[in-house]
Trainee: 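One structure, as C-alpha cells, below. Some questions next.
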Amino acid sequence: MAAKSVYEMVTDRIIEQLENNIIPWEKPWTGIKSGAFNRISKKPYSLLNQMLLKHDGEYATFKQWTNLGGHVRKGEHAEIVTFWKIQPIDEEQEDGTKITRQIPLLRYYNVFHISQVENVKPLQKEELNDIEPIEKAEKVLHDYWTRENIKVEHMGGDKAYYMPSHDLIHLPLFEQFINANEYYSTAFHESVHSTLKESRCNREEDRNGKLVAFGSDEYSKEELVAEIGSANLMNIIGIETGKSFRNSSAYIKNWLSVLRNDVKFIVSASSKAEKAVKYILGEALV
C-alpha cells in the first residue's frame, strides 16, 4: 500500500473533525493568547495548522522538548504540522539552455502538545488586548473598506453578497441581525470575498470569460476561503458567534463531499484565506 501524501494526511484530519461535528475553521486562532503556537519561536501556527492541531497552547518537536529538559511520555502520539519546502528543479529549454525553477512542496513534521510532556512548565499567557471587540471589528471593516474604496450598501432584506463588477458589498440592515456578532461575521465573510479581485489577492475565476457556477468546485472553494477568513478575523478580534446553523448535517455533508473529491482543496483554501485576512488587516501592504 502506497504511503499517503501530505495532502491526503491533511484532508483526512479535516474530514475526521467534520465527521465528529467539529468545524475546524471555527477554532480560536489568536496564537499565544488562545490558539496553538510553537513553544520555541512563540509564533502562532498558520491557519491550516491551527485547523489540524487538536489542542490550543504550546507545541514543539520531540527534539525541541528534549532540549528544554522535557520528556515526551511513552505511548503519546504525535500530530503533524505542515510547511512549504522550496525545491529547485533544473529544466532544459528547447534551445538547450537550462533554467532552475523553485517548486513549492508540501511537507510536514511531527509535534507534541505540552500536555504530553513531563518536566516542562507552560508559559504564562499574554494579557488580552483591552480594546472592545465590537469597536475593533468596526475599525477593521472601516479601515479596509475606506482604504480599498469599496462601496458598501445596507438594505432591508435577507441578502448578503459581494458584486465584483461594481466592487460592492451588499448587507442587510444592522438591526436585522439577532446580535452584533452575527453582523460582523457576515460583513467579514463578504469582505474576504472582495479580496478576490486581481488588484487585491487575485482569486478571480472568471478571467477567461467564464462565470463561476453555483455549486461548482470553484464556487465551493471561494466559499470556504470566505468561511475560514471570516472565522479567523472574528477570533483575532475576540468575537464569538453562534454555531448552531453551521453544525447542521447538510452543511457538514457538503464540505465532506467537497474534501473527499479533492485532497488539495483544504490546503489551497486555507492558504488563500490567510492571504486575504492579512490583506484586510493591512499586513500584506507592509
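Owing to the predicted nature of the structure, the values given are computational and were not obtained by experimental measurement.
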Trainee: Salt bridge (Lys or Arg N to Asp or Glu O under 4.0 Å), that's the test. Do Lys4 and Asp12 meet it? Break it down for me.
Mentor: CA-CA 10 Å; Lys4 287 187 177 182; Asp12 285 350; 2.4 Å; yes

Trainee: So with a 6.0 Å cut-off around OH of Tyr108, is the heavy-atom count from everything else above 12?
Mentor: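 At most 12 heavy atoms, drawn from other residues, nucleotides or ligands, come within 6.0 Å of this atom.
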
Trainee: Give a yes or no answer on whether the side chain of Thr11 reaches the backbone of Tyr7 with a donor-acceptor pair at less than 3.5 Å.
Mentor: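 The answer is yes, because a donor-acceptor pair under 3.5 Å joins these two groups.
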
Trainee: Quick check on the hydrophobic clustering: are Leu105 and Phe265 connected, directly or via other members, by side-chain heavy-atom contacts under 4.5 Å?
Mentor: no

Trainee: Please give the remaining members of the hydrophobic cluster of Leu68, linking ILVMFWY side chains under 4.5 Å, ordered by chain and number.
Mentor: Ile40, Phe62, Trp65, Val72, Phe112, Ile114, Val117, Val120

Trainee: Examine Tyr183 and Tyr161 and state if one hydrophobic cluster contains both, with Ile, Leu, Val, Met, Phe, Trp and Tyr joined whenever side-chain heavy atoms are less than 4.5 Å apart.
Mentor: no

Trainee: Spell out, as yes or no, whether a donor-acceptor pair under 3.5 Å connects the side chain of His113 to the backbone of Asp56.
Mentor: yes

Trainee: Verify whether the ring centers belonging to Phe83 and Tyr109 lie closer than 6.0 Å.
Mentor: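 They qualify: ring centres under 6.0 Å apart.
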
Trainee: Can you name the residues that form a side-chain hydrogen bond (donor to acceptor under 3.5 Å, both in side chains) with Thr82, not counting sequence neighbours?
Mentor: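 Partners of Thr82 under the side-chain hydrogen bond (donor to acceptor under 3.5 Å, both in side chains) test: Asn49.
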
Trainee: Transitively linked via ILVMFWY side-chain contacts under 4.5 Å: Leu168 with Val192?
Mentor: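 Not linked; separate clusters.
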
Trainee: Report the C-alpha separation of Lys54 and Glu79 in whole Å, then their side-chain angles, then the decisive distance to 0.1 Å, and conclude whether the salt bridge (Lys or Arg N to Asp or Glu O under 4.0 Å) test is met.
Mentor: CA-CA 8 Å; Lys54 296 179 180 179; Glu79 298 178 62; 5.5 Å; no

Trainee: Taking the side chain as every heavy atom from C-beta outward, state whether Ile23 and Ile252 have any pair of such atoms under 4.5 Å apart.
Mentor: yes

Trainee: Using atom types as modelled and distance alone, determine if a side-chain donor or acceptor of Glu148 lies under 3.5 Å from a backbone N or O of Trp145.
Mentor: no

Trainee: Taking Glu8 for the side chain and Ser5 for the main chain, is one N or O donor matched with an acceptor at less than 3.5 Å?
Mentor: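 Present.
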
Trainee: Could you state the interatomic distance from CD1 (Ile80) to CZ (Arg107), rounded to the nearest 0.5 Å?
Mentor: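 The CZ atom of Arg107 is 12.5 Å from CD1 of Ile80, to the nearest 0.5 Å.
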
Trainee: Say whether, by atom type as modelled, one donor and one acceptor occur between the side chain of Arg39 and the main chain of Glu58 under 3.5 angstrom.
Mentor: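 Such a contact is absent between Arg39 side chain and Glu58 backbone.
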
